[in-house]
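Working notes, structure below.
Note that this is a predicted model, so its numbers are computed, not measured.
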Amino acid sequence: MVERNVVDGPLWHSDDAPDPVELGFLGWLLVFLRGIPLAILVFGGLIVLLAVRLIERPIFGVRRPVSPFIPQFVCRNAFRILGIRIETSGELMREQGAVVANHTSWLDIFALNAPKRVYFVSKAEVAKWPAIGWLARATGTVFIERNPKKAREQTRVFEERLKAGHKLLFFPEGTSTDGLRVLPFKSTLFAAFFAEELRDFMHIQPVSVVYHPPKGKPDRFYGWWGEMDFGPHLLKTLGARQQGRVQLIFHSSARVSDFPSRKALASHCEQAVRHGHALARLKK
């Protein structure tokens, strides 16, 4: 089973059991018609990315002038293959800093990478996962450890990446949900940005991620949470006769130095994401 809490946190569980996966003949046909091109796209893109990084890394170091366009191409076309529409409002900030979003599904990684070039922040254990870890490292994921002894080292990594113009993205809920709610943001995940080296130039941009299900399907159709296995959820997504859409709402960025504490900043970002999420669901 692939884990969904890429940043440390307890799994969220719903009071209601996940909806059963029922495909039928047409569903299985769609699994193959979408799944084979998707696999070729993802793994072919990974091979191209690794080849580009062999040349790019010795020349440019931490800067990535070419390779980020490859994951973006893969993610955009993955949604085209799946048939899921992406709608965006607002713009990715120009300032140096991080992006924070609510977390619903493994699809978030594709959705957030498709319109904008971002780099994910993940717990260190993900680097060791088969396949997922290789993909994460190749795409420039920043791995963090909840170890006070590593705090200074991790701050240096953040500073290097941010000053290279990278937009770092993490999920402050610490886990994924059914997509019908936004969980409280964990303020501890904002602590690193108050380091002396980062605070004065750092900005944080909240983003609301809202999934709208296919017609006639439950609102939580794309949600992936708790102990749900990745395989059945992938099959359900591939085999959907009709697809829905995902809405990305980029809110105004906030300067870290304008906030007295990590808790105040986390609360501000949470409220922006929660408001955007609720408004988008009302307008569906």
| request: Report yes if the distance between the aromatic ring centroids of F158 and F193 is under 6.0 Å, otherwise no. | output: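 Ring centres of F193 and F158 closer than 6.0 Å.
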Next item on the list: Verify whether one side chain among Y222 and D108 offers a donor that lies under 3.5 Å from an acceptor in the other.
Entry: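 Distance-only check fails for Y222 and D108.
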*Are any of the side-chain nitrogens in K116 or E91 under 4.0 Å away from the carboxylate oxygens of its partner?*
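The answer is yes: the pair qualifies as a salt bridge.
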| Does the pair R53/E56 count as a salt bridge with the N-to-O cut at 4.0 Å? |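 A salt bridge links R53 with E56.
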**Asked** Does R117 make a cation-pi contact with F69 (under 6.0 Å, within 45 degrees of the axis)?
**Response**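 Ring-cation test returns yes.
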Check: Can you say whether the rings of H233 and W224 are parallel (under 30°), tilted (30 to 60°) or perpendicular (over 60°)?
Finding: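 Ring orientation, 0 to 90° scale: tilted.
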- In Å and rounded to the nearest 0.5 Å, what is the CZ to OG distance from R281 to S208?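 R281 CZ to S208 OG: 12.5 Å, rounded to 0.5 Å.
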message: Would you say that N113 contacts V118 through its side chain, given a criterion of any heavy-atom pair below 4.5 Å between the two side chains?
response: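 In contact.
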_Heavy-atom side-chain proximity of L82 to L107 below 4.5 angstrom_ =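 Of all side-chain heavy-atom pairs linking L107 with L82, at least one is under 4.5 Å.
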Checklist line | Path from L180 to V246 over hydrophobic side-chain contacts below 4.5 Å | finding: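 Different clusters: L180 never reaches V246 through Ile, Leu, Val, Met, Phe, Trp or Tyr contacts under 4.5 Å.
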**Item:** Same apolar cluster: V210 and W225, side chain cutoff 4.5 Å
**Value:**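 No; tracing contacts between hydrophobic side chains, which count when under 4.5 Å, never links both residues.
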With C269 via side-chain contact (heavy atoms from CB on, under 4.5 Å) - residues at least two apart |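 With sequence neighbours excluded, C269 shows a side-chain contact (heavy atoms from CB on, under 4.5 Å) to V100, F185, F190, I204, P206, L265, given in chain and number order.
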